[in-house]
Amino acid sequence: MQVIATAGHVDHGKSALVRALTGMEPDRWAEERRRGLTIDLGFAWMTLPGGDRVAFVDVPGHERFVPNMLAGVGPAPAVLLVVAADGGWMPQSAEHLAAIDAVGIRHGLLAVTRCDLADPGPATRQALDFVSRTSLGAVETVAVSAVTGTGLPELRAALARLVAALPAPDPAAPVRLWVDRSFSIRGSGTVVTGTLPAGTVTAGQELLLTPSLRPVRIRGLESLNEPATSVAGVARVAVNLRGVPAGVPARGMALIEAGRWTLTKLLDVRLSQPSGMTPPPGMTPLPEMTLPPEITLHIGSARTRARVRPLGASAIVRLMLRDALPLHVGDRVLLRDPGGAGVAILGATVLDVAPPALTRRGAAAAAGAELAAWPDLPSAADLLRRHGFLRAGALAAMGVSGSPPPVAGDWLADPARWAGLRGQLAEAVAAHARRDPLAIGMPPEAARAALGLPDRALIEALAHGMRVQVQLQDGYLRPPGPPKVLQSVPSLPPRLAAAVRAVLADLAAAPFIAPEAGRLRELGLDPRAIAAAARAGLLLRVTEQIVLAPGAEAEAARILARLPQPFTTAEARQALGTTRRVAIPLLEYLDRARITQRLPDDRRRLRLGLADGPPWAC
Ligand SMILES: Nc1nc2c(ncn2[C@@H]2O[C@H](COP(=O)(O)OP(=O)(O)OP(=O)(O)O)[C@@H](O)[C@H]2O)c(=O)[nH]1
Ligand SMILES: [Mg+2]
């Protein structure tokens, strides 16, 4: 099935043509029939030669009802543009064509009707000239009369060719069914109708009704008055809903699949050339486009007010909507300024549905310059470059596929930003340690805040990927080196604390090169001070003269465990990267601590099968 919307000036014969083609009455209201004027959307359908079915959404031509017209054309993939032979090109012919161009409809037919009243030639030539400059491009033309029937067989054949040439939409595409009618049926309850452009709706399926995101379940389905268990777009569909009282759904709301759309009030868009102003290929100087500060935005059957914020001098603007809409990047929206002096209708392409706040000075112009270079269908790489980080679900809800693998959990990252963060994290952790060498380490939450990341999991994933520069131990981030496990908060005199900090800083680079006696003296670390620092857990006192960082014994055990057992003093000294001055007292300390065992031949081995990995290894 396909859906075709009519378009054209008031009284040019749209409804008469639909009636002549389908035998159905598109003017549903008594008032419409009495006045001979379409006010709201009408629906009729037929089987084409060849067997394809086509449904028509018949729109009103009167200028007062342009919003209704837009609700009908919005979700339709093709149009039947009607121009009366005796009327010629008229204001709403132009306005409807501008709307078709703005929403980017590429498929259609031109019917020059009432050809029993005038020669269709001049109206045809005039219309084709305008049509050819829009998204419709070259279209087939048929001269018809709804009264005499002239041209109707040719029109049916042309419709069959048009429908056969329309692209087949993806039945697995995300469902977004714009509601164009809502009513209740005794015994069934709430029913909404709409044009389903793509995707599949199925009885029993749960959908969300925008903008409240109220969950509703499909109780039953009909398409073209026939019951169905499942309907794939393109289709006209009537959906009987469970979970929502009649009177709640209204035109402009949409039924959407959870997680597959972004409901947003804020979007960045690129304005398109107004209809008829498309420059020749290769030449695209955009004329200066000035929009009013507030404008009406249409998409699908929805309409809302939007505040406009230009982003620099380009055709990029930020729109702040009065009502949230379910959108994807790449969506086409129509901007209209009823009663405005300038461009009355303009199309725009949605580039971002969750744009970042513009807080810095010059941010708006920078955003405009960045987005101006984007394609109409932004890729995952484009969006990640702009946002830095996005959850996979958020990117999918923007309508973007082909995302890279996540860097942590379901977080996706811009590769350049991610690579740059390694250096930043190493620097932040090193600076933290310099500021406070006695601290147990930098909490990942502090690092997250310092680097401006959205989730701590990203810090942890970064740290795991860069063990050489940063270690994540016991839940804290530290520069590499022996762990400084401090159990209690030290309460040492400031002079002593500063001296201990200096020693730990020396040891950070070479953990087993204990400071020389001269250095300890220079720092004022006499045996009493060293004992106090050791008691506070801030230093490991190997002997009166040999001090190391706390935890150095565990680090030593870990290193010695890697040696062939038993090992000599020389082997141990070499493995620890130190001198005999430190190695001998340290090994004796480890003997006393029953970490190592000294054998009669003066070699040593780790006790308790620690060669397989000491239990205190961190
Ligand atoms: N002679 C003649 N009259 C026609 C033809 N098509 C439509 N009409 C008449 O033109 C008038 C307007 O026709 P409609 O079909 O209501 O026009 P419309 O485009 O649907 O008008 P709106 O929906 O109000 O925009 C009616 O009186 C029709 O009977 C035709 O091919 N020949
Ligand atoms: Mg009509």
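Worth knowing before you read on, the calculation uses all heavy atoms, side chains too, and leaves out hydrogens, waters and symmetry mates. In listed order, ligands and their atoms are each counted from 1. In this text, all values refer to a predicted model and were calculated from it rather than measured experimentally.
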Ignoring angles and geometry beyond distance, decide whether [X] reaches within less than 3.5 Å of ligand 1 through its nitrogen or oxygen atoms.
X: D11; answer: yes
X: G13; answer: yes
X: D58; answer: no
X: L117; answer: no
X: L37; answer: no

Salt bridge (charged side-chain N to carboxylate O under 4.0 Å, His left out) between E95 and R336, worked out:
CA-CA 10 Å; E95 191 170 11; R336 184 164 176 261; 3.5 Å; yes
Look at [X] together with [Y] and state whether they make a salt bridge at an N to O cut-off of under 4.0 Å.
X: D58; Y: R19; value: no
X: R251; Y: D180; value: no
X: E31; Y: R35; value: yes

Using the side-chain contact (heavy atoms from CB on, under 4.5 Å) rule, pick out the option among V131, L110, L109, L81 that qualifies with T141.
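Single pass found, and it is L110.
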Can you pull out the closest protein heavy atom to atom 23 (O) of ligand 1? Residue, atom name and distance to 0.1 Å, please.
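Looking at atom 23 (O) of ligand 1, the protein heavy atom closest to it is T38 OG1, 2.6 Å.
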Does a donor on one side chain sit under 3.5 Å from an acceptor on the other, for [X] and [Y]?
X: T148; Y: T150; value: yes
X: T296; Y: R305; value: yes
X: T195; Y: R236; value: yes

Using a 3.5 Å distance criterion without hydrogens, assess whether the side chain of S223 forms a donor-acceptor pair with backbone atoms of V237.
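Side chain of S223 to backbone of V237: no pair is present.
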Tell me which part of D116 gets within contact of ligand 1: side chain, backbone, both or neither, using heavy atoms under 4.0 Å.
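Contact part for D116 vs ligand 1: side chain (C-beta onward).
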I'd like to check which ligand 1 atoms, numbered from 1 as shown, lie under 4.0 Å from a non-hydrogen atom of A16.
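Close to A16: 6 (N), 7 (C), 15 (O).
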Could you grab the protein N, O or S atoms closer than 2.8 Å to the Mg ion (ligand 2) for me?
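Listed by chain and number, the nearby protein N, O or S atoms are S15 OG, T38 OG1.
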